[in-house]
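Notes to accompany the following structure.
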Protein chains: 2
Amino acid sequence: MTLAAVKPIYWQVNTQVGDQVPDTREILMDTAERSIRLGGYNAVSFRELADALGIKSASVHYYFRKKEDLGVALVDRYSQRFFAVLEKRADGARTAEALLDAYCQTYRTALTSSDAICLCGMLGAETSGLPDAVSSAVRTFFRANLEWLVDAMPKGLDPAAKTARASHVLAALQGAMMLSHNMDDISVFDAAAEVVKAGL
Amino acid sequence: MTLAAVKPIYWQVNTQVGDQVPDTREILMDTAERSIRLGGYNAVSFRELADALGIKSASVHYYFRKKEDLGVALVDRYSQRFFAVLEKRADGARTAEALLDAYCQTYRTALTSSDAICLCGMLGAETSGLPDAVSSAVRTFFRANLEWLVDAMPKGLDPAAKTARASHVLAALQGAMMLSHNMDDISVFDAAAEVVKAGL
DNA sequence: GTCTATAATTTGATAGAC
DNA sequence: GTCTATCAAATTATAGAC
């Protein structure tokens with residue numbers, strides 16, 4: 001077997017027989033997102049991305065001229081997917097309790113399905129060291145989260161209380177992802193989520 | 001004025017007339033801690049540290065042989081200081097409410113006095129990309145936090161409820177620091193902290 | 001304690017051929 | 001789209017002089 005016959009790492013880890021072939025740009029983004037969610041923005045390099053796909057770093061620059069462009073594209077895609085999943089999960093929900101449960105479940109799945117924290121949780125922490133365009137996209141994600149949560153709050157609450165509780169829910173779940181992943185204990189996330197839901 | 005007469009950045013920013021002179025090792029740690037808390041572990045380099053003090057990077061290696069050693073020393077010092085401040089603040093506290101308020105206040109001060117998130121919040125997020133010794137030290141910090149919180153819970157609660165609420169408090173405050181700093185809005189932290197305290 | 005000097009590696013990025 | 005070739009800069013780290 002020649003070296004060329006060895007499949008790039010992405011395929012060894014993330015695919016199975018019958019999988020559709022994602023295009024190169026998509027695979028690059030999958031690989032980069034995973035690295036960032038595990039180790040942060042600086043944990044991804046064009047060279048390592050290229051190696052994972054079996055191409056050269058110059059080819060990665062064809063898809064994303066600068067690293068900053070990759071970062072923004074990742075946050076945008078992540079945000080779209082997150083809210084798509086959230087809306088689907090919250091579709092039948094009629095009560096504030098059900099909406100909040102759907103919200104918590106969406107974050108839980110983000111954590112467990114990737115065994116990594118939220119992309120924006122990581123980039124949000126690193127925000128001061130990131131290109132402006134990236135940290136700006138992250139802030140947009142958080143603002144959208146807060147707006148969704150405010151709308152999901154019980155109708156009786158006054159606006160100030162809604163805002164305060166929305167901040168609490170988002171903060172608690174983001175922190176719970178970090179803590180749970182750091183301590184390698186999903187019960188940490190579940191415990192925090194339970195208290196969040198009980199506080200409604 | 002010669003170039004040598006220009007004081008290194010640390011002194012321009014962090015000192016005032018009458019300040020005691022911290023030793024080089026301490027200043028290096030102050031500078032490194034600030035960089036990490038703003039941009040993450042990879043945001044600090046031996047060269048930039050050296051520049052900030054007006055020395056050479058080889059001299060930084062005299063104090064910390066490897067970057068990993070610096071990381072561990074930072075977490076240990078941070079942890080000691082955190083609990084020293086916490087114990088002082090919680091000194092007169094007799095009720096669970098007072099203890100929790102002291103705990104929240106300690107985190108709030110960590111955020112506002114540095115305009116940066118918790119050192120361990122940052123390193124906790126990046127944990128998968130860090131040297132084992134560093135992420136291990138961070139985990140120790142979190143475990144100590146949870147133990148302190150469990151002990152601070154109302155006596156009536158059963159052990160499982162104490163553990164769950166402790167996880168929630170730590171997660172919520174860590175997330176609140178991240179979110180508040182990212183959105184540059186201290187009211188986000190305060191709102192989350194209020195809900196945390198009200199939930200007791 | 002601090003320096004010079006240096007090594008080995010990695011990184012982000014570009015020009016231009018195919 | 002992917003490549004070769006290349007660059008300038010930065011990074012971690014060490015050896016040894018003063």
Side-chain angles (χ1 to χ4, degrees), chain A residues 2-11 21-32 35-36 38-74 123 126 129-135, chain B residues 2-11 21-32 35-36 38-74 123 126 129-135:
Chain A
T2 67
L3 262 182
V6 179
K7 285 178 184 164
I9 292 174
Y10 178 89
W11 290 104
V21 181
D23 60 16
T24 300
R25 188 186 158 92
E26 207 73 6
I27 307 177
L28 281 173
M29 291 178 73
D30 293 346
T31 310
S35 292
I36 294 180
L38 284 176
Y41 187 76
N42 293 309
V44 64
S45 81
F46 277 38
R47 233 110 170 165
E48 278 185 345
L49 282 183
D51 289 347
L53 274 78
I55 60 177
K56 298 293 171 180
S57 72
S59 303
V60 180
H61 280 278
Y62 167 79
Y63 293 98
F64 305 97
R65 208 175 64 82
K66 294 182 302 173
K67 189 174 176 180
E68 180 182 339
D69 301 335
L70 170 60
V72 173
L74 284 176
L123 295 177
E126 297 179 315
L130 300 179
D132 283 347
V134 179
S135 61
Chain B
T2 65
L3 261 182
V6 179
K7 283 178 183 162
I9 291 175
Y10 180 90
W11 289 105
V21 181
D23 60 16
T24 300
R25 187 187 158 92
E26 207 74 5
I27 307 177
L28 281 172
M29 291 179 73
D30 292 347
T31 309
S35 293
I36 293 181
L38 284 175
Y41 187 77
N42 293 309
V44 64
S45 80
F46 277 38
R47 244 161 189 102
E48 279 185 346
L49 283 182
D51 288 348
L53 273 79
I55 59 177
K56 297 295 172 182
S57 73
S59 302
V60 180
H61 280 279
Y62 168 79
Y63 294 97
F64 305 98
R65 208 177 63 82
K66 294 183 301 173
K67 189 174 175 180
E68 182 182 337
D69 301 335
L70 170 60
V72 172
L74 284 176
L123 296 177
E126 296 179 316
L130 300 179
D132 282 346
V134 179
S135 61

- Query: How many Å lie between CZ on A:Arg47 and P on C:dT14, as a whole number?
  - Reply: 14 Å
- Task: Quick one: label A:Phe46 by what it contacts on the DNA or RNA (base, sugar-phosphate, nothing), any heavy atom closer than 4.0 Å.
- Result: sugar-phosphate
- Message: With rounding to the nearest 0.5 angstrom, report the CG to CG distance, B:Leu130 to A:Leu38.
- Response: 11.5 Å
- B:Lys56 NZ to C:dT6 C1': how many Å, rounded? 14 Å
- Identify, between A:Ala58 and B:Ser59, the residue whose nearest nucleotide on DNA chain C lies closer to the 5' end. B:Ser59
- Item | Spacing of B:Lys56 atom NZ and B:Asp51 atom CG [to the nearest 0.5 Å] | 7.5 Å
Residues 62-69 of chain A, side-chain donor-acceptor partners within the protein, below 3.5 Å, at least two apart:
residue: A:Lys67; atom: NZ; partner: A:Tyr41; partner atom: O; Å: 3.1
residue: A:Lys67; atom: NZ; partner: A:Val44; partner atom: O; Å: 2.9
residue: A:Asp69; atom: OD2; partner: A:Lys66; partner atom: N; Å: 3.2

- Note on the structure: Here the gap from A:Glu26 atom CD to A:Thr31 atom OG1, rounded to the nearest 0.5 Å, amounts to 10.5 Å
- First and last nucleotide of DNA chain D in contact with chain A, 5' to 3', at under 4.0 Å to a heavy atom: what are they? D:dG1 to D:dT6
- Can you tell me how far the CG atom of A:Leu74 sits from the OG atom of A:Ser35, to the nearest 0.5 Å? 10.0 Å
- Residue pair B:Arg25 / B:Ala73: nearest heavy atoms and the distance that separates them: NH2-CB, 4.1 Å
- Could you give the distance from CG (B:Leu28) to CG (B:Leu53), rounded to the nearest 0.5 Å? 5.0 Å
- Query: What residues in residues 63-70 of chain B put a non-hydrogen atom under 4.0 Å from any atom of DNA chain C?
  - Reply: B:Tyr63
- Task: Determine the contact category for A:Val44: base if any of its heavy atoms lies under 4.0 Å from a base atom, sugar-phosphate if only primed atoms, P, OP1 or OP2 are that close, otherwise nothing.
- Result: sugar-phosphate
- Task: Assign A:Ser45 to base, sugar-phosphate, or nothing according to its heavy-atom contacts below 4.0 angstrom with the strands shown.
- Result: sugar-phosphate
- Query: Considering only heavy atoms from C-beta outward, does the side chain of B:Leu49 approach that of B:Leu70 to under 4.5 Å?
  - Reply: yes
